[in-house]
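In what follows, chains are A, B, ... by sequence order, proteins preceding strands, each numbered from 1. Worth saying up front: this structure is predicted, and the values here are computed from it rather than measured.
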Amino acid sequence: MSEAATLPKGASVVVIGAGVTGLSAAWWLARSGIDVVVLDKFIVGWEASGRNGGGASHYQSPLFAEEQRMWPQMDELLGYPTEYRRERIIIQRDPALLGHYRAVGRMCTAMGYPVDDLDGRQAQAAVPLTDETCLGGIHLRFGGHANPQRTVQAYAWALQDLGGRIFQHCPALSIETAGGRAVAVETPRGRIACDALVVAAGPQSGMLLAPLGVDFPVTSARAEMIVTEPAPLMAIGGVDGNGLYGRQTLRGNLAFGGGPHEWIAMAPTGPAARPASPLARNLARRVAEMFPRAAHLSVIRSWAGIVENTPDGRPILDRLRDPANVTVATMSGVGFGLSPASGHAIRDLVVDGACSFADIAKLGLARFADLEPDWRERRGWAA
Amino acid sequence: MAVDVHAIDGKLAAPDERFDVVVVGAGDAGTAAAIAAAGEGATVLLVDENPVLGELMGSDVPLFYGGRMTAAVQQPGRMLEQIFASNPALEAAMEAGVDVRLGTCAWGLYANGPAMRALPEPMLGIADAERATMIGFGRLVLATGARDLVLGFAGWDRPGVMGAQGFAALLTRYDAFAGRRVLIVGSGALALETARLALSRGIAMAGIVEVADAVQWSALGELGVPLFLGHAIVSVEVGIEGVNGATLATPGSPARIAVACDTVILAIGAIPATELLDAAGVRPGETIALVGDCASVSRPDSAILQAWCAALGRHAPPETIVCQCEAVTRADLIGVQPPRYLDRPERMAERSLSTLLADGPAHPDQIKRLTRAGMGPCQGRRCREQVACLLAEKQGIPLDRVPIASFRTPVRPVPLGILADWHESAAMTAGWDVWFGIPTQWTPYAIIGTPEEAEQVSGLGGNMHV
């Protein structure tokens with residue numbers, strides 16, 4: 001839709017937020033033949049959805065099994081490339097950390113997600129950019145990684161191919177309610193009525209929901225990454241370790257993040273800026289230590305993404321009681337990899353009122369019923 | 001109030017060194033500013049990235065050298081001597097007490113703002129061939145000059161096509177220009193300056209190409225150089241040593257003119273080299289000043305650029321490269337196609353810049369991430385304006401309404417091992433976590449709210465990712 005395109009008077013489902021979670025939800029809804037419109041303040045995937053490490057290995061989530069089932073099919077189902085690749089390796093050069101990750105590996109294996117231990121020699125063979133300073137690691141025979149912006153765009157295009165509509169540069173200003181239901185969303189381009197509403201607006205969700213009397217506790221922080229020029233391709237690009245998460249892209253670039261974040265204030269229009277800090281130097285050090293054979297490669301950019309977190313760092317996926325036709329979603333910093341499954345869960349909540357493939361009861365808003373008003377300050381999370 | 005030990009507050013170190021005045025760029029304006037500040041009793045640091053390593057020049061960083069350097073640029077010692085010889089004021093600066101550091105690039109500017117409070121003070125990141133250093137400043141003077149404005153045509157990615165800034169640098173700063181007969185593209189002030197420079201150095205002029213029917217600066221008509229007015233470049237002919245000729249055409253005519261030349265110099269215009277400010281989101285003000293070309297050069301008029309872009313684009317086959325680093329062609333860009341190492345499924349063929357633009361104005365950063373144009377080691381220096389021009393053309397809007405793809409720090413490629421902070425603060429090391437350091441984020445769902453959750457917290461410290 002062009003900037004001037006007319007916003008329809010209504011849609012069965014309106015999704016606020018064209019991030020990876022909102023778009024996946026819209027895609028799943030459209031796959032069920034539902035008329036869906038997605039609104040976004042700017043461009044698809046412009047915030048954390050398009051600015052992240054691309055990891056897909058959050059095995060702690062109840063959505064993870066579904067994610068694992070979906071990811072290998074996503075390129076074909078969406079019809080557009082996501083750059084998804086399977087499996088991950090975590091290497092370490094510190095004996096204590098190596099021990100920690102071996103324990104994590106045993107726990108994963110016990111959960112049914114197999115992990116192999118790698119000794120120093122095996123780890124060095126599997127990760128040719130490291131050297132003898134690498135003491136070993138673990139090989140996750142599950143999980144993986146994909147290209148964030150490419151994946152978001154793939155969801156958007158796949159949604160459009162199914163008849164869904166996306167209105168960029170069209171922020172939701174407020175939600176109109178009547179008789180215990182959300183009946184419409186107000187935008188600068190007019191009002192759009194809805195039978196059901198999905199709020200997946202990331203850091204902005206709290207501000208949109210507050211006037212409805214819904215406390216949606218999220219607060220935002222900046223996370224940073226660096227990217228190098230291309231290195232020779234490793235067989236498994238999803239290599240973490242030495243305090244870092246990230247991936248080698250299929251082009252060969254090493255893209256890694258980690259380290260301290262900065263809690264920042266958020267305007268309804270989004271972050272004022274997304275500056276990167278000298279943390280790039282601390283990241284460079286850890287990448288150079290993890291991949292000594294790549295230490296001569298140049299860093300060609302650093303960047304930051306703004307990520308919202310809930311008080312316990314776990315997602316909120318819930319269909320509200322009042323207004324009863326509103327489904328709310330934040331993935332609290334672990335949303336990219338889980339997106340094929342989070343969209344499915346949201347679709348189920350919108351259509352059936354309950355998730356069909358996993359118990360997600362513990363991800364409901366009810367857990368925050370007794371949250372202290374100053375929960376940010378109590379955690380040192382105030383901007 | 002509680003403290004988040006994993007937050008960045010208090011972890012970013014103070015600068016390694018401080019000066020009252022830091023000047024970036026030791027050209028005429030920068031050197032003069034440094035000498036003046038020293039004369040007022042200030043402590044002054046003057047950094048300049050020249051001599052740039054030959055390897056970086058090969059990637060057209062920071063200027064579009066187009067592979068027309070002589071082998072001399074591979075000898076840093078000789079280049080250093082050459083730089084002193086070409087700028088006698090440098091010695092005066094040293095005598096005035098200025099700390100002059102050559103072969104030292106300024107790769108990052110950091111200042112607190114609405115989305116960052118964590119810096120102890122504003123600072124500038126610099127790096128030489130050995131290490132990176134953070135510099136505090138009372139006043140920062142950017143004398144970073146201008147960068148080349150590059151527009152493509154068939155063969156522009158071959159050795160011998162270069163920018164006017166790169167040409168001037170090779171001649172006047174390095175005395176290391178390898179060409180002998182040049183064709184100049186454009187007829188404005190920069191083209192005139194470039195032509196005069198070439199003539200003064202005894203370099204043969206194959207001519208001047210101007211897309212309009214008249215030269216912009218009439219003095220160009222008085223140089224006794226062939227003028228190809230109303231013409232654009234169709235392609236360059238390439239031999240074993242790169243360009244050996246250019247083919248010109250005029251709109252609507254099948255006639256072609258062959259011009260013998262070994263170098264094509266793009267002199268349509270230049271862009272102020274303010275990427276340090278752009279990447280930091282900082283504007284000049286009381287503490288940051290721009291002097292010299294980066295303050296006085298203005299982007300060429302949008303209409304002129306778009307006329308050039310349209311004329312060159314008319315002849316450019318779809319396989320013409322737009323982004324050299326990532327080998328992105330015009331067809332790839334116009335089709336917003338993924339890079340060649342990815343499959344292009346059937347449905348991709350129905351997607352294009354036009355369908356993307358139907359969703360609303362696109363941002364060049366979005367195009368960049370989808371096509372990879374501008375994502376390579378030259379950091380988009382050679383393709384930013386081309387991408388913006390194509391976006392303007394496809395949307396039928398003036399170029400100045402299209403944002404330019406973002407610059408990111410480091411604004412010069414800096415090796416990992418050099419950029420690295422090998423002496424980071426103890427607070428940084430102690431507070432480091434892979435992600436946000438929220439232990440409950442990593443509790444397996446099944447054990448949330450069970451006694452096992454507490455066991456996991458004590459057993460693994462609660463955090464899967466440290």
Side-chain angles (χ1 to χ4, degrees), chain A residues 1-3 43 60-62 79-81 83 100 103-104 111 149-150 153 157 166 168-169 228-229 243 245 250-251 258-264 271-278 280-282 284-285 287-288 295-303 309 312-314 333 362 377-381, chain B residues 1-4 6-8 11-12 110 113-116 118 125 132 134 280-281 338-339 341-343 345 347-348 351 358-361 363 366 369-370 377 379 408-410 413-417 419-422 424 428 431-432 434-436 438 440-445 448-449 460 464 466:
Chain A
M1 308 290 140
S2 75
E3 199 170 14
I43 287 173
Q60 292 88 347
S61 173
Y80 303 97
E83 271 184 69
H100 175 90
V104 167
M111 288 170 72
Q149 185 74 25
R150 211 174 287 296
Q153 192 68 62
W157 282 338
I166 303 168
Q168 301 184 129
H169 310 277
T228 71
E229 62 187 313
Y245 65 88
L250 290 186
R251 172 72 170 96
H261 48 272
E262 180 165 352
W263 299 102
I264 58 165
R274 301 168 200 81
S277 79
R281 300 191 62 207
N282 309 91
R285 171 194 175 155
V287 177
H296 64 287
L297 293 180
S298 283
V299 177
I300 53 175
R301 56 186 165 268
S302 64
W303 45 266
N309 271 296
D312 57 13
R314 295 172 188 151
K362 289 187 266 191
E377 289 74 13
R378 283 168 179 261
R379 287 163 177 76
W381 294 8
Chain B
M1 201 172 94
V3 170
D4 175 2
H6 301 298
I8 201 165
K11 292 186 177 63
L12 295 174
Y110 296 104
M116 175 143 50
M134 302 306 288
Y341 52 82
L342 291 179
D343 289 337
R347 269 196 246 168
M348 260 329 296
R351 293 290 167 181
D359 294 339
H363 193 287
Q366 183 188 14
R369 294 186 215 157
L370 292 173
Q379 303 176 307
R408 303 283 186 202
T409 305
V414 182
L416 280 167
L419 185 64
D421 181 0
W422 295 105
E424 72 180 22
M428 178 65 79
W432 192 276
V434 173
W435 197 220
F436 285 94
I438 308 172
T440 42
Q441 184 155 55
W442 310 106
T443 314
Y445 183 79
I448 293 174
L460 286 170
M464 295 297 105
V466 287

**Student:** Do B:Asp359 and A:Ile166 have side chains that approach each other closer than 4.5 Å (heavy atoms only, starting at C-beta)?
**Tutor:** no
**Student:** Using modelled atom types only, decide if a donor and an acceptor are shared between the side chain of B:Arg369 and the backbone of A:Arg150 within a distance under 3.5 Å.
**Tutor:** no
**Student:** At a heavy-atom distance under 4.5 Å, which candidate from A:Gly259, A:Gly79, A:Pro271 has the highest pair count against chain B?
**Tutor:** A:Gly259
**Student:** Is there a side-chain contact between A:Pro278 and B:Lys11 in this structure, where contact means two heavy atoms from C-beta onward sitting under 4.5 Å apart?
**Tutor:** no
**Student:** Just so I understand: if I count every heavy-atom pair under 4.5 Å between each of A:Glu83, A:His100, A:Gln60 and chain B, which residue has the most?
**Tutor:** A:Gln60
**Student:** Check whether any side-chain heavy atom of A:His261 sits under 4.5 Å from a side-chain heavy atom of B:Trp435, and report yes or no.
**Tutor:** no
**Student:** Run the numbers on A:Gln153 and B:Leu370 for side-chain contact (heavy atoms from CB on, under 4.5 Å), then give the verdict.
**Tutor:** CA-CA 8 Å; A:Gln153 192 68 62; B:Leu370 292 173; 3.7 Å; yes
**Student:** Side chains of A:Pro81 and B:Pro345: closer than 4.5 Å at any heavy-atom pair?
**Tutor:** yes
**Student:** Which pair of non-hydrogen atoms, one from A:Ala280 and one from B:Tyr110, has the smallest distance, and what is that distance?
**Tutor:** CB-OH, 4.4 Å
**Student:** Can you measure from CD (B:Gln366) to CD1 (A:Ile43) and round to the nearest 0.5 angstrom?
**Tutor:** 4.5 Å
**Student:** If you count heavy-atom pairs under 4.5 Å between each of B:Gly449, B:Gly417, B:Gly431, B:Gly125 and chain A, which one has the most?
**Tutor:** B:Gly417
**Student:** Could you tell me which of A:Gly243, A:Pro275, A:Ala276, A:Ala288 has the largest number of non-hydrogen atom pairs under 4.5 Å with chain B?
**Tutor:** A:Gly243
**Student:** CH2 of A:Trp381 to CZ of B:Phe436: how many Å apart, nearest 0.5 Å?
**Tutor:** 9.0 Å
**Student:** With rounding to the nearest 0.5 angstrom, report the CE to OH distance, B:Met348 to A:Tyr80.
**Tutor:** 7.0 Å
**Student:** Side chains of B:Glu424 and A:Asn282: any donor to acceptor distance under 3.5 Å?
**Tutor:** yes
**Student:** Can you name the closest pair of heavy atoms from B:Trp422 and A:Arg285 and give their distance?
**Tutor:** O-NH1, 3.6 Å
**Student:** Say whether, by atom type as modelled, one donor and one acceptor occur between the side chain of A:Arg281 and the main chain of B:Leu419 under 3.5 angstrom.
**Tutor:** yes
**Student:** Counting only heavy atoms closer than 4.5 Å, note whether B:Gln379 contacts chain A via side chain, backbone, both or neither.
**Tutor:** side chain
**Student:** So does B:Ala115 get a backbone contact from the side chain of A:Arg274, meaning a donor-acceptor N/O pair under 3.5 Å?
**Tutor:** no
**Student:** Sort out for me which of B:Gly281, B:Ala118, B:Pro114 touches chain A most, counting heavy-atom pairs under 4.5 Å.
**Tutor:** B:Ala118
**Student:** Less than 4.5 Å apart, any side-chain heavy atom of B:Ile438 and any of A:Asp312?
**Tutor:** no
**Student:** With sequence neighbours excluded, what pairs up with A:Arg251 under the salt bridge (charged side-chain N to carboxylate O under 4.0 Å, His left out) test?
**Tutor:** B:Glu326
**Student:** Spell out, as yes or no, whether a donor-acceptor pair under 3.5 Å connects the side chain of B:Gln441 to the backbone of A:Gly313.
**Tutor:** yes
**Student:** Going by side-chain hydrogen bond (donor to acceptor under 3.5 Å, both in side chains), name the residues that satisfy it together with A:Arg314, two or more places apart in sequence or in a different chain.
**Tutor:** B:Thr443, B:Glu453
**Student:** If we define contacts as heavy-atom pairs under 4.5 Å, which of B:Ala280, B:Pro444, B:Pro377 has the most with chain A?
**Tutor:** B:Pro444
**Student:** Answer with side chain, backbone, both or neither: which region of A:Ser302 has an atom nearer than 4.5 Å to a non-hydrogen atom of chain B?
**Tutor:** both
**Student:** Could you tell me whether the side chain of A:Ser298 reaches within less than 4.5 Å of the side chain of B:Val414, counting heavy atoms only?
**Tutor:** no
**Student:** Is there a donor-acceptor contact under 3.5 Å from the side chain of A:Glu262 to the main chain of B:Ile8?
**Tutor:** no
**Student:** Of the backbone (N, CA, C, O) and the side chain (C-beta and beyond), which part of A:Ala272 lies under 4.5 Å from a heavy atom of chain B, both, or neither?
**Tutor:** side chain
**Student:** Between A:Pro260 and B:Trp432, is there a side-chain heavy-atom distance shorter than 4.5 Å?
**Tutor:** yes
**Student:** Determine the option with the most heavy-atom pairs under 4.5 angstrom with chain B, choosing from A:Arg378, A:Glu229, A:Gln149.
**Tutor:** A:Gln149
**Student:** Between B:Ile448 and chain A, with a heavy-atom cut-off of 4.5 Å, which part of the residue counts as in contact: side chain, backbone, both or neither?
**Tutor:** both
**Student:** Of all heavy-atom pairs between B:Asp4 and A:Gly380, which one has the smallest distance, and what is that distance?
**Tutor:** CB-O, 3.4 Å
**Student:** Would you indicate whether the side-chain heavy atoms of A:Lys362 and B:Tyr445 approach each other to under 4.5 Å?
**Tutor:** yes
**Student:** Starting at NE2 of A:His169, measure out to NE2 of B:His363 and round the result to the nearest 0.5 Å.
**Tutor:** 9.5 Å
**Student:** Is it true that a side-chain atom of A:His296 and a backbone atom of B:Pro415 form a donor plus acceptor pair closer than 3.5 Å?
**Tutor:** no
